[in-house]
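Working notes, structure below.
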Amino acid sequence: MSQFQAPKGTVDLLGDTSRAWEHMLRVATELFARYGYSPIYTPIFEHTEVFARGIGEATDIVGKEMYTFLDKGGRSITLRPEGTASVVRAALEHNLTANGQGAKLYYAGPMFRYERPQKGRQRQFWQIGAEALNMAEPSADAELIVLLWRFFEAVGIPADNMRLLVNSMGDEACRPAYREKVAEFIRAHAADLCAECDRRADTNPLRAFDCKNPGCVAVMADAPLLRDELCDECASHYAAVKEALVVLDVPFTEEPKLVRGLDYYTRTVFEVQADAGLGSQNAIGGGGRYDRLMEQYGGSPTPGLGFALGFERTLLAMQAAKARVPSPALADVYVAAVDESVRAQAFSLASQLRDAGVAAECDHQARSLKSQFKQADRIGARFVVVVGPDELAEGQLTLRDMGTKVETRVSRDGVTTEVRRALGID
RNA sequence: GUGGGUGUAGCUCAGUUGGUUAGAGCGUCGGACUGUGGCUCCGAAGGUCGCGGGUUCGAGUCCCGUUACCCACCCCA
């Protein structure tokens, strides 16, 4: 047991897990580029105000989950708890949406929230996210949702193992009136609701839909739904998004009670849940539209939308689906030294092969020849070059095909060419 | 932040009502094959039993604290 361990809620990513991480990044990089998204790297910390104003002072994230500290200059700094706020801040700072320009951006990296860790929930966790700015058309909503869905399919989670939930949260024209309507409904049924939900009538009536209390669930089942109260513009936008999803053949379920916990969402919201491997933290990705966010940061009114997906939870869903993560051979060629006298020459040959573009490995632990072959087998080397005194005396080496077990003599001078040909590189 | 459960070799786990030198499988290393892998056989290394107190003649086993993980609440990716 070492003296130190990783801080609570953080993990070291090793072996198959770190390989899976890189796989998810590769899949995302390739797929997102095909949808026209460009990479953006924002700082891992921001002025606290960026998150407080964007995500909402009253949310749990801002209220109790942020890693906030004063730096040596007395500035209040916060480790990013999510990615959208930073991207929007950067887009405004660099005028990416000036003169009606659109911007499609994606990011990947760790986020930080001070929460009680459990399965699928760490204090440092990884997300990939995509944001589409200045795109008001419902087709943009559909495109983003398809992208999220296709990503999960691409990493090996079958559609049958996932659920796509969509909803519309309305906008400033219709949500306030609806909110009041729900508040009235709650007050009218106060006797049948828990104390917590009674309070929600004044603070955040929509959250009563999330209450797990059976009595509350029964009462709220009859509560008015925002779907039925949307203004004309929100209703037609929502209808167009759903229609596009049908055309694109992305299966979805309308979930009128889907309410996201970040204040900036308007109109379309969505979430992908995995039904195996996740426990109660089953949302592997989610997002929505935030048409008022740019204004809150002092920009001109600019629509936007985005999603984020979690690496940890995606991997759990992949494992439950027995998704295959490609694990390339660690080396194509292993250069084995027969004895101590030729060790240096084996190393220089390995180096020469690497310079020639071949993934080559050799021993640095003074292992026996037999053990070097075991290593070669373990790392998946297709060929072993045996460097021995007998061959070298004649200016030659032995090239063994590990699959067929056929050995051939090759000249020391021509070995790089021979190996490249054997590997099919030339 | 609240409640419940768990913590023994690198990994997955045994460990009897507290009783002498804490075990297995897998993995690792070595040998059988003195210049050659995947199978088989043999052998070896590897553990302050999460950490700290307490009870006891004696604690991996009981009690308390603490820490980490797991589950639920909560929240969200």
Side-chain angles (χ1 to χ4, degrees), chain A residues 1-11 14-16 24 55 59-65 81-84 108-129 148 151-152 196 207 210-213 258-262 265 269-274 278-288 306-317 334 336-342 365-392 397-407:
Chain A
M1 180 66 73
S2 72
Q3 192 174 352
F4 297 113
Q5 52 188 315
K8 182 179 180 122
T10 68
V11 292
L14 311 160
D16 289 344
M24 286 187 272
I55 299 169
T59 61
D60 278 8
I61 292 176
V62 172
K64 52 189 187 189
E65 296 177 359
E82 57 105 53
T84 300
M111 306 295 163
F112 306 84
R113 292 182 201 171
Y114 191 87
E115 294 186 274
R116 183 100 175 231
Q118 59 183 75
K119 186 171 202 155
R121 189 167 82 184
Q122 254 95 44
R123 288 181 174 180
Q124 174 175 331
F125 59 102
W126 283 66
Q127 288 188 333
I128 296 175
L148 179 62
F151 172 82
F152 290 131
E196 179 66 26
R207 293 225 62 85
D210 276 347
C211 188
K212 301 291 195 295
N213 186 308
L258 177 63
V259 182
R260 316 223 86 237
L262 290 76
Y265 286 120
V269 291
F270 52 91
E271 182 168 301
V272 176
Q273 299 179 348
L278 272 293
S280 63
Q281 312 298 322
N282 66 347
I284 55 179
F307 67 68
L309 63 95
F311 277 57
E312 290 83 0
R313 295 181 189 180
T314 299
L315 181 56
L316 289 169
Y334 193 100
V338 169
D339 61 34
E340 190 59 36
S341 73
V342 294
Q365 296 173 279
R367 291 184 199 265
S368 67
L369 181 65
K370 179 192 187 73
S371 177
Q372 291 178 65
F373 267 89
K374 282 188 177 176
Q375 291 298 325
D377 187 54
R378 187 169 307 143
I379 67 178
R382 289 163 60 194
F383 294 92
V384 169
V385 176
V386 181
V387 181
D390 298 351
E391 295 95 322
L392 276 181
L397 298 166
T398 299
L399 178 63
R400 178 183 177 90
D401 184 319
M402 293 295 275
T404 64
K405 299 186 171 185
V406 173
E407 294 192 351

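Hydrogens, waters and symmetry mates are skipped; everything else that's a heavy atom, side chains included, is used. We name chains A, B, ... by the order of the sequence lines, and we start the count at 1 in each one.
At the heavy-atom level, A/Gly129 lies nowhere under 4.0 Å from the strands shown. If you check every strand for non-hydrogen atoms under 4.0 Å, A/Ala308 touches sugar and phosphate atoms only. Using a 4.0 Å heavy-atom criterion, one finds that A/Gly9 contacts the sugar-phosphate atoms exclusively. Using a 4.0 Å heavy-atom criterion, one finds that A/Thr59 contacts no nucleic acid atom at all. Nucleic acid contact class of A/Glu271 (heavy atoms, under 4.0 Å, all strands): none.
Note that CE of A/Met111 and CD1 of A/Ile61 are 11.0 Å apart. Values are rounded to the nearest 0.5 Å. Atoms CZ and CD, on A/Phe307 and A/Glu271 in that order, are 14.0 Å from each other to the nearest 0.5 Å. In this structure, A/Leu369 CG and A/Lys374 NZ are separated by 12.0 Å, a value rounded to the nearest 0.5 Å. Taken to the nearest 0.5 Å, the CD atom of A/Gln281 stands 12.0 Å off from the CD atom of A/Glu312. We find the CD1-CG distance between A/Ile284 and A/Leu148 to be 7.5 Å, quoted to the nearest 0.5 Å. For the atom pair CD of A/Glu407 and CE of A/Met402, the computed distance is 9.5 Å after rounding to the nearest 0.5 Å.
Taking a pair to require two hydrogen-bonding distances under 3.5 Å in either a Watson-Crick or a G-U wobble arrangement, B/G65 pairs with B/C51. For B/G43, the paired nucleotide is B/C29, the pair qualifying as Watson-Crick or G-U wobble because both relevant distances are below 3.5 Å. The partner of B/U12 is B/A24, by the rule that a Watson-Crick or G-U pair needs both atom distances under 3.5 Å. The partner of B/C73 is B/G1, judged by Watson-Crick or G-U wobble contacts that both fall below 3.5 Å.
The side chain of A/Lys119 places no N or O atom within less than 4.0 Å of a non-bridging phosphate oxygen (OP1 or OP2) of B/C70. Side-chain nitrogen and oxygen atoms of A/Arg113 include none within less than 4.0 Å of the OP1 or OP2 phosphate oxygen of B/C75.
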For nucleotides 35-37 of chain B, give me every protein contact, N/O to N/O, under 3.5 Å, one pair per line with atom names.
unit_1 : atom_1 : unit_2   : atom_2 : d
B/G35  : N7     : A/Asp390 : OD2    : 3.4
B/G35  : O6     : A/Asp390 : N      : 3.1
B/G35  : O6     : A/Asp390 : OD1    : 2.9
B/G35  : O6     : A/Asp390 : OD2    : 2.0
B/G35  : N1     : A/Glu391 : OE1    : 2.7
B/G35  : N1     : A/Glu391 : OE2    : 3.3
B/G35  : N2     : A/Glu391 : OE1    : 3.4
B/G35  : N2     : A/Glu391 : OE2    : 2.5
B/U36  : O2     : A/Arg400 : NH1    : 3.4
B/U36  : O2     : A/Glu407 : OE2    : 3.1
B/U36  : N3     : A/Glu407 : OE2    : 2.7
B/U36  : O4     : A/Glu407 : OE1    : 3.3
B/G37  : OP1    : A/Lys370 : NZ     : 3.2
B/G37  : O2'    : A/Asp377 : OD2    : 3.4
B/G37  : N7     : A/Arg400 : NH2    : 3.0
B/G37  : O6     : A/Arg400 : NH2    : 2.9
B/G37  : O6     : A/Met402 : O      : 3.3
B/G37  : N1     : A/Met402 : O      : 2.4
B/G37  : N2     : A/Asp377 : OD1    : 3.1
B/G37  : N2     : A/Met402 : O      : 3.2
B/G37  : N3     : A/Asp377 : OD1    : 3.3

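Between A/Gln281 and A/Tyr114, the residue anchored nearer the 5' end of RNA chain B, judged by the nucleotide with its closest heavy atom, is A/Tyr114. Heavy-atom distances to RNA chain B give each of A/Lys64 and A/Val11 a nearest nucleotide, and the one nearer the 5′ end belongs to A/Val11.
When the shell of 6.0 Å around CG of A/Asp401 is examined, it contains more than 12 heavy atoms from other residues, nucleotides or ligands.
Side-chain N or O atoms of A/Arg313 include one that pairs as donor or acceptor with a backbone N or O of A/Gly120 at under 3.5 Å.
Note: CG (A/Leu278) to C1' (B/A72) measures 16 Å, nearest angstrom. With rounding to whole Å, A/Phe152 atom CZ is found 12 Å from B/A77 atom P. Atom CD of A/Glu115 and atom C1' of B/C70 are 16 Å apart (whole Å).
Minimum atom distance to the side chain of A/Arg121 is reached by B/C74, of the listed B/G3, B/C74, B/C29. Residue A/Arg313 has its side chain nearest to B/A77 when only B/C75, B/A77, B/G30 are considered.
Of the P atoms belonging to B/A68 and B/C51, the separation is 15 Å, rounded to the nearest Å. Nucleotides B/G7 and B/U16, compared at atom P, are 12 Å apart to the nearest Å. Annotation: B/C71 and B/U28 have their P atoms spaced 30 Å apart (nearest Å). Of the C1' atoms belonging to B/G35 and B/C42, the separation is 23 Å, rounded to the nearest Å. For the P atoms, the distance from B/G31 to B/U36 is 10 Å, rounded to whole Å. Atom C1' of B/U66 sits at a distance of 29 Å from the matching atom of B/U17, rounded to the whole Å. Here, B/C64 and B/U6 have their P atoms 13 Å apart, quoted to the whole Å. Taking the C1' atoms as reference points, B/U61 lies 33 Å from B/C73, given to the whole Å.
A donor-acceptor contact under 3.5 Å is not formed by the side chain of A/Arg116 with the base of B/C71.
Between A/Leu278 and A/Ala317, the shortest heavy-atom distance links the atoms CD2-N, 3.7 Å.
Using a 5.5 Å limit on the distance between ring centres and a 30° limit on the angle between planes, the aromatic ring of A/Phe125 counts as stacked on the six-membered base ring of B/A77.
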